[in-house]
Amino acid sequence: MPELPEVEYAAGILRRAAVGRTIERVRVLHDAQRRHLPNTEARRLEGARILAVERRAKYQLVTTSEGILLVHFRMNGDWHVGRTDTGLPPHARVVFDLDDGSRIALTDSRALGSIARYDSRDDVPLPALGPEATDAAFSASQLREALRTRRGPIKPALLDQRIVAGLGNIYAAEALWNARISPTAVANRLSLARAARLIDGARQALADAHRDPGRYARAESTERLHVYGREGEPCERCRVAIRRIVQAGRSTFYCPRCQRV
DNA sequence: CGTATCCTGACC
DNA sequence: GGTCAGGATACG
């Protein structure tokens with residue numbers, strides 16, 4: 001489920017459901033999760049009050065009276081909000097029962113996501129992150145500077161959160177289609193004009209998603225995507241067949257005609 | 001830079 | 001049975 005717009009949406013769900021509440025019970029239901037949040041850590045959270053929920057890139061930071069939780073959904077994570085008197089949702093990995101009878105569960109079929117607790121904000125091991133694509137201060141010259149040492153293709157560089165925070169595999173492809181730039185273009189040879197187009201393209205892709213946050217949960221999942229998952233379909237702009245290639249082990253979809261190197 | 005890895009599930 | 005999946009990281 002999660003790229004940045006989905007994480008933003010999920011963080012809002014969590015904030016509304018949990019801020020101001022006290023955690024009564026924590027269960028960690030999967031070995032992979034237990035590595036991030038051992039039972040001793042989980043127990044420390046019982047009785048903690050949830051004070052704030054913030055998002056940075058695809059991370060969620062949950063401030064509690066007993067430390068900070070660093071949450072990452074990875075490929076499949078999501079929050080499920082329900083009641084403590086009902087059954088657990090499928091793939092519930094970490095479950096928080098709150099004092100108002102509500103229940104927050106991290107659901108994550110692949111169990112690649114994580115929740116970890118740290119004593120204070122300074123202890124949270126957030127990696128180096130570039131500016132958010134949606135940050136109005138993020139400029140073409142900044143992007144060029146960040147790409148200065150990248151001699152490889154632009155698309156894998158866009159997935160590097162140190163360059164731009166928040167773009168994932170889908171929106172990186174969509175951003176490049178919007179900007180009419182080939183995913184194989186050499187990153188550090190991007191002109192200033194193309195860097196500007198790419199930022200606009202990324203903002204457009206994220207804005208399109210923002211208008212429709214629950215999209216991935218529904219059947220028409222790729223309905224509003226221009227290239228992702230559309231191998232063989234005609235490009236909306238030029239009708240040439242969308243192509244799929246693999247870069248850095250990930251699928252890249254693009255139009256070979258209107259996305260030029 | 002690319003590749004393997006952490007996991008499970010869906011699909012061929 | 002094999003392949004693929006929206007992420008990030010440790011490695012070579």
Side-chain angles (χ1 to χ4, degrees), chain A residues 1-11 28-37 55-60 70-79 89-94 105-116 124-130 132-133 146-177 183-189 202 205-206 208-210 212-232 244-253:
Chain A
M1 139 132 199
E3 282 206 37
L4 188 136
E6 293 77 32
V7 175
E8 175 72 25
Y9 183 69
V28 184
L29 304 173
H30 192 286
D31 283 340
Q33 283 304 331
R34 218 163 277 121
R35 285 203 294 275
H36 304 291
L37 191 70
R55 180 193 62 77
R56 173 71 175 105
K58 296 171 205 164
Y59 295 89
Q60 294 169 79
L70 180 63
V71 180
H72 199 298
F73 284 164
R74 285 302 206 321
M75 298 284 224
N76 293 276
D78 199 4
W79 294 123
H91 312 300
R93 306 306 190 196
V94 181
L106 171 68
T107 58
D108 183 5
S109 60
R110 284 172 77 180
L112 295 174
S114 62
I115 299 179
V124 177
L126 265 188
L129 294 165
E132 308 239 345
L147 293 171
R148 196 169 48 91
T149 61
R150 309 283 297 221
R151 304 158 61 123
I154 182 69
K155 193 267 191 165
L158 286 181
L159 295 180
D160 186 336
Q161 303 295 298
R162 293 169 298 187
I163 307 274
V164 192
L167 283 185
N169 203 36
I170 293 178
Y171 298 129
E174 295 295 308
L176 287 164
W177 186 87
T184 63
V186 175
N188 67 359
R189 295 223 298 248
L206 294 168
D208 288 349
H210 211 76
D212 190 8
R215 166 165 72 188
Y216 288 127
R218 299 199 306 271
E220 68 275 25
S221 60
T222 59
E223 192 170 280
R224 287 159 71 174
L225 301 177
H226 301 296
V227 283
Y228 186 86
R230 295 189 177 278
E231 182 181 18
R244 174 185 178 271
I245 59 174
V246 175
Q247 295 179 293
R250 327 263 332 252
S251 287
T252 299
F253 298 89

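The chains referred to below are lettered A, B, ... by the order of the sequence lines, with proteins before strands, and numbering in each begins at 1.
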_Dot-bracket encoding per residue of DNA chain B, Watson-Crick/G-U cut-off under 3.5 Å, | denoting interstrand_ = ||||||.|||||
_I'd like to check the side chain to side chain donor-acceptor pair (under 3.5 Å) partners of A:Thr184; sequence neighbours left out, ordered by chain and number._
A:Ser182
Length of the [atom1]-[atom2] vector between [X] and [N], whole Å:
X: A:Glu231; N: C:dA5; atom1: CD; atom2: C1'; answer: 15 Å
X: A:Ile170; N: C:dG7; atom1: CD1; atom2: C1'; answer: 12 Å
X: A:Tyr171; N: C:dG7; atom1: OH; atom2: C1'; answer: 15 Å
X: A:Leu159; N: C:dA5; atom1: CG; atom2: C1'; answer: 14 Å
X: A:Asp78; N: C:dG7; atom1: CG; atom2: C1'; answer: 15 Å
X: A:Leu158; N: C:dG7; atom1: CG; atom2: C1'; answer: 15 Å
X: A:Arg162; N: C:dA8; atom1: CZ; atom2: C1'; answer: 11 Å
X: A:Phe73; N: C:dA5; atom1: CZ; atom2: C1'; answer: 17 Å

_List the residues meeting ring-ring contact (aromatic ring centres under 6.0 Å, His included) with A:His30, not counting sequence neighbours, and say none if there are none._
none
Return yes if some donor-acceptor pair links the side-chain N/O of [X] with the main-chain N/O of [Y] below 3.5 Å, else return no.
X: A:Glu174; Y: A:Tyr228; result: yes
X: A:Arg34; Y: A:Val28; result: yes
X: A:Arg93; Y: A:Asp108; result: yes
X: A:Arg56; Y: A:Lys58; result: no
X: A:Glu231; Y: A:Phe253; result: no
X: A:Glu3; Y: A:Gly168; result: yes

*asked:* Need to verify one output field. Residue with the more 5' nearest nucleotide on DNA chain C, A:Pro127 or A:Ser251?
replied: A:Ser251
_What's the gap between B:dC1 and C:dA5 when it is taken at their C1' atoms, as a whole Å value?_
23 Å
*Could you write nucleotides 1-10 of chain B as a row of B, S and -, 5' to 3', where a protein heavy atom under 4.0 Å of any base atom gives B, of only sugar-phosphate atoms gives S, and otherwise -?*
SSB--BBBS-
*asked:* Nearest 0.5 Å, please: how far is CD in A:Glu8 from CD in A:Glu132?
replied: 8.5 Å
*Might you point out which heavy atoms bring A:Phe73 and A:Ala10 nearest each other, and give the distance in Å?*
CE1-CB, 3.5 Å
In a table with atom names and distances, give each donor-acceptor pair under 3.5 Å that connects a side chain of residues 151-163 of chain A to protein atoms at least two apart or in another chain.
| residue | atom | partner | partner atom | Å |
| --- | --- | --- | --- | --- |
| A:Lys155 | NZ | A:Asn169 | OD1 | 2.4 |
| A:Lys155 | NZ | A:Ser251 | O | 3.2 |
| A:Lys155 | NZ | A:Thr252 | OG1 | 3.0 |
| A:Asp160 | OD1 | A:Arg162 | N | 2.9 |
| A:Asp160 | OD1 | A:Arg162 | NE | 3.1 |
| A:Asp160 | OD2 | A:Arg150 | NH1 | 2.7 |
| A:Asp160 | OD2 | A:Arg162 | NE | 3.4 |
| A:Asp160 | OD2 | A:Arg162 | NH2 | 2.9 |
| A:Gln161 | OE1 | A:Gly166 | N | 2.8 |
| A:Gln161 | NE2 | A:Leu159 | O | 3.1 |
| A:Gln161 | NE2 | A:Leu167 | O | 3.0 |

Collect all protein-nucleotide pairs involving nucleotides 10-12 of chain C in which both atoms are nitrogen or oxygen and the distance is under 3.5 Å.
none

